[in-house]
Chemist: 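Provided herewith is a single structure, encoded as structure tokens, for subsequent inquiry.
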Number of protein chains: 2
Amino acid sequence: MQKATIYDIAAELKITPSTVSRALSDHPRISGRTKRAVREVADRLNYRQNSVAAALRSGKTNMLGVVVPTTDRSFFSSVIRNIEQVAVASGYNVMITQSNDEEELERSNIDALLKARVDGIIASIAKWSNDYSHFQQLADSGVPLVLFDRVAELNRTSIVRIDDYRGAYEATAHLIEQGCRRIAHFAGQQKLDIYQKRLEGYQAALREHGLPTDPSLVHYSNVKLEDGRSGIKQLMQLPDPPDAIFAASDYTAIGAMQELKANGKRIPEDVAIVGFMNETFTSFVEPGLTSVDQLSENMGKLAASTVLEQISSSRTFAPRKVILTPKLIVRGSSQKSQISTNGQKSISGSSVGE
Amino acid sequence: MQKATIYDIAAELKITPSTVSRALSDHPRISGRTKRAVREVADRLNYRQNSVAAALRSGKTNMLGVVVPTTDRSFFSSVIRNIEQVAVASGYNVMITQSNDEEELERSNIDALLKARVDGIIASIAKWSNDYSHFQQLADSGVPLVLFDRVAELNRTSIVRIDDYRGAYEATAHLIEQGCRRIAHFAGQQKLDIYQKRLEGYQAALREHGLPTDPSLVHYSNVKLEDGRSGIKQLMQLPDPPDAIFAASDYTAIGAMQELKANGKRIPEDVAIVGFMNETFTSFVEPGLTSVDQLSENMGKLAASTVLEQISSSRTFAPRKVILTPKLIVRGSSQKSQISTNGQKSISGSSVGE
DNA sequence: CAAAAAAATACAACCGATTGCGTCATTATA
DNA sequence: TATAATGACGCAATCGGTTGTATTTTTTTG
């Protein structure tokens with residue numbers, strides 16, 4: 001039993017395929033009687049439109065391509081989840097590809113998406129990509145492109161990100177408010193803009209609160225859990241060890257927390273900690289890890305709606321920069337003064353502009 | 001600047017599109033000289049095959065469809081990650097859809113995948129699906145179908161799952177070995193086979209170790225975190241409260257852990273806990289949560305390779321049942337006797353059969 | 001009731017590859 | 001040298017819809 005086509009329906013009703021096609025898409029110039037008849041037969045034959053054929057002729061696949069470093073980090077999977085929801089609501093499907101943070105895979109993923117003729121692409125740049133020419137080419141070739149979180153300033157490219165600077169600033173300021181005076185920073189790959197901004201926000205907060213910015217308190221790494229542990233080992237050997245840590249990633253923060261505990265340090269009394277990302281587990285550890293929430297849901301939804309807009313207004317579209325204001329979720333790991341007991345105090349807000 | 005087609009290449013070289021097509025696909029009956037010339041022009045024109053057109057003609061899209069309840073649970077996102085890896089290695093792309101555990105969305109997702117003419121489908125059944133006819137139809141219509149984790153026994157359908165019974169049995173037996181005698185079970189929706197099997201494994205372990213199976217110790221829920229908390233509240237009011245919990249989900253286990261701590265109970269001394277799923281956070285909480293690992297990586301890889309095989313051996317394929325043996329990851333939450341200090345003791349193995 | 005206007009449907013090209021088969025040019029064989 | 005056997009490529013149909021335009025049918029109008 002082959003799949004039914006519009007030709008089968010047309011033959012059965014002794015009308016032409018074009019009429020069937022129009023009837024199915026509710027074209028105004030087809031009579032109600034014909035439409036009903038067509039739908040009836042279509043149902044009976046279990047007809048399902050062949051989107052491949054439709055895409056070939058119409059030039060629209062109704063597919064969105066997504067390139068992320070990996071799907072199994074809760075931040076990315078949450079973004080994906082929300083992209084998919086928005087896409088489906090607009091009749092689009094989503095193709096997911098992973099770069100494993102490698103430039104080569106990133107390139108070949110883009111290639112595959114281009115071959116599949118997706119209508120638009122949403123991506124977050126691989127950690128080890130040195131060169132963004134593949135993205136720039138993409139954008140220049142007219143494919144709507146939206147970068148999120150790990151972005152780069154490219155022509156014809158929209159961006160959805162959080163204000164990393166501000167997130168870092170607020171996190172650091174929060175630690176200062178809690179009475180911390182020697183605050184260390186676990187920084188990420190400075191190649192990525194997000195980690196640069198976080199470092200800058202951290203430094204600015206120190207300066208504006210009249211604290212010195214001691215370079216020996218900044219520890220650079222790949223922000224994995226182990227990096228947090230080794231970072232602490234180093235820092236604790238300083239003549240004047242830190243009384244707080246602001247980590248650019250929750251994983252590093254957790255590693256730091258584990259190592260500190262192993263050394264008998266109390267958190268937050270001896271060392272307060274703030275992470276970044278607000279991963280699921282932050283609320284499960286003890287004490288709860290204060291963290292900067294990246295608004296993955298909004299990010300996914302905005303990335304999707306932006307690329308959809310860009311698709312529909314094809315030529316005349318001005319790339320959009322959306323910068324969300326992250327939200328500091330305060331938990332036990334940083335709360336020296338017991339101001340609130342519910343364990344969640346937050347600064348928030350979000351802005352969309354230029 | 002329009003996208004280049006094989007016609008453009010053909011025109012430039014004064015040969016026919018069919019020759020170009022064959023040259024690009026390295027057809028043996030095209031001369032090396034022509035192939036080189038074609039590739040050179042293709043590169044220069046930045047040609048990229050239009051897979052939509054190729055798919056229409058050849059009847060193969062080289063796309064796999066995936067239906068999961070959600071992408072933002074680490075188990076599913078890990079499976080997805082591995083599916084994608086295997087798929088890409090074989091020249092396939094992956095379309096992801098989410099059912100949100102709803103039957104209606106699950107149906108419409110399948111519909112979308114069918115319209116897109118994916119070559120095969122990998123799915124994990126939605127929690128609230130009462131009726132699996134949409135999957136059976138799918139399989140009957142000849143689309144290669146592989147179900148994983150949350151499976152159902154359907155015709156023409158391959159299955160990749162873990163031995164939930166055994167996982168539960170080992171988990172429970174482990175608790176018994178640790179000296180626990182009143183072991184409660186936080187069970188999931190019995191509609192789903194996986195939760196039934198876990199309950200059965202739990203009961204079997206009790207029986208075979210000469211322990212009574214007390215129905216009041218089994219608490220049914222949707223296995224969310226809150227269900228763990230409320231479950232504990234109930235159980236602790238029993239005249240003879242449990243000294244151990246085997247939860248069908250890590251989330252419930254965490255909830256239980258939190259509630260127990262809030263009541264001043266020590267873990268594992270007063271109450272030992274074992275979860276199921278081995279989510280990332282299990283190693284971050286304190287004490288570490290002993291859990292049954294579901295081998296998400298293997299599951300993803302096997303699901304993908306199975307559906308790929310099924311695609312290539314289309315007609316003659318006998319559905320395969322793959323049952324993986326889960327692995328109990330022992331951590332602090334269940335370790336009363338301090339046998340090993342590394343915090344990880346495990347039973348393991350994996351079998352492929354039937 | 002004939003002509004004009006509107007409504008409904010038919011015709012046919014097209015999207016960009018793939019592929020079975022036919023054809024011509026070479027080379028090998030007798 | 002005539003003929004068979006290869007090799008290399010061209011021809012044209014095809015996949016299943018979509019869509020601009022032509023045509024027929026129906027309704028409206030004078």
Side-chain angles (χ1 to χ4, degrees), chain A residues 1-39 41-42 45-63 91 93 111-112 114-119, chain B residues 1-39 41-42 45-63 91 93 111-112 114-119:
Chain A
M1 176 195 63
Q2 274 304 310
K3 284 199 183 301
T5 71
I6 54 171
Y7 292 85
D8 301 322
I9 299 176
E12 182 138 341
L13 291 171
K14 301 196 198 313
I15 56 180
T16 55
S18 64
T19 300
V20 174
S21 172
R22 290 189 166 106
L24 288 172
S25 55
D26 205 29
H27 192 289
R29 285 172 43 174
I30 300 294
S31 71
R33 196 155 45 85
T34 304
K35 283 179 185 171
R36 273 188 297 280
V38 167
R39 293 200 188 109
V41 176
L45 298 185
N46 197 26
Y47 170 80
R48 235 171 288 264
Q49 182 203 42
N50 183 332
S51 343
V52 176
L56 177 57
R57 167 61 219 231
S58 67
K60 275 213 58 184
T61 52
N62 281 292
M63 288 229 304
N93 284 111
D111 238 65
L114 245 27
K115 285 178 54 175
R117 297 297 194 268
V118 294
D119 293 331
Chain B
M1 176 195 64
Q2 274 304 310
K3 285 200 180 302
T5 71
I6 54 171
Y7 292 87
D8 301 323
I9 300 177
E12 183 139 342
L13 291 170
K14 302 196 196 315
I15 56 179
T16 56
S18 64
T19 301
V20 174
S21 172
R22 289 187 168 108
L24 288 171
S25 57
D26 206 31
H27 193 287
R29 286 173 39 177
I30 301 294
S31 71
R33 196 157 45 84
T34 304
K35 283 179 185 170
R36 273 189 297 281
V38 167
R39 290 198 190 112
V41 176
L45 299 184
N46 197 25
Y47 170 80
R48 234 171 288 266
Q49 182 202 42
N50 184 333
S51 348
V52 176
L56 176 59
R57 167 62 218 232
S58 68
K60 275 212 59 186
T61 51
N62 282 291
M63 289 230 302
N93 284 110
D111 238 67
L114 245 29
K115 286 178 54 176
R117 297 298 194 267
V118 294
D119 293 331

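Convention: sequence-line order gives letters A, B, ...; per-chain numbering from 1.
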Chemist: Of the non-hydrogen atoms in B:A112 and A:N93, which two are nearest, and what is the gap between them?
Modeler: CB-ND2, 3.8 Å
Chemist: Which heavy atom in B:Y47 sits nearest to a heavy atom in B:A4, and how many Å separate them?
Modeler: CD1-O, 3.3 Å
Chemist: So what does the secondary structure string of DNA chain C come out as, 5' to 3', with Watson-Crick or wobble pairs under 3.5 angstrom, [ ] for crossing and | for pairs with another strand?
Modeler: ||||||||||||||||||||||||||||||
Chemist: With the sugar-phosphate defined as primed atoms, P, OP1 and OP2, and the base as all remaining atoms, what B/S/- string results for nucleotides 9-15 of chain C, 5' to 3', for protein heavy atoms under 4.0 Å?
Modeler: BBBBBBB
Chemist: Can you pull out every salt bridge (Lys or Arg N to Asp or Glu O under 4.0 Å) where at least one residue sits in residues 12-30 of chain B? Sequence neighbours excluded, please.
Modeler: B:E12-B:R44, B:D26-B:K35, B:D26-B:R39
Chemist: Chain A on DNA chain D: first and last contacting nucleotide, 5' to 3', under 4.0 Å to a heavy atom?
Modeler: D:dG16 to D:dA22
Chemist: To the nearest 0.5 angstrom, please state how far the CD1 atom of A:I9 sits from the OG1 atom of A:T16.
Modeler: 12.0 Å
Chemist: Measuring from atom CG of A:L13 to atom CD1 of A:I6, what distance do you get when rounded to the nearest 0.5 angstrom?
Modeler: 12.5 Å
Chemist: Just jot down the salt bridge (charged side-chain N to carboxylate O under 4.0 Å, His left out) partners of B:R117, sequence neighbours excluded, or say none.
Modeler: none
Chemist: Under the side-chain contact (heavy atoms from CB on, under 4.5 Å) rule, what do A:V20 and A:V41 come out as? Steps first, then yes or no, please.
Modeler: CA-CA 10 Å; A:V20 174; A:V41 176; over 6 Å; no
Chemist: Atom NZ of B:K115 and atom CZ of A:R48: how far apart are they, to the nearest 0.5 Å?
Modeler: 9.5 Å
Chemist: If I take atom CG from residue B:N46 and atom CG from residue A:L114, how far apart are they, to the nearest 0.5 angstrom?
Modeler: 8.0 Å
Chemist: Between the protein and nucleotides 4-6 of chain C, are there any N/O to N/O pairs under 3.5 Å, and if so, what are the atom names and distances?
Modeler:
none

Chemist: Just call it for A:S21: base, sugar-phosphate, or nothing, with non-hydrogen atoms closer than 4.0 Å on any strand.
Modeler: base
Chemist: Show the nearest heavy-atom pair for residues A:V52 and B:A55, with the distance to one decimal.
Modeler: CG1-CB, 3.8 Å
Chemist: What's the separation between atom CG in B:D111 and atom CD in A:Q49, rounded to the nearest 0.5 Å?
Modeler: 11.0 Å
Chemist: To the nearest 0.5 Å, what is the distance between OG on B:S21 and CD1 on B:I30?
Modeler: 9.0 Å
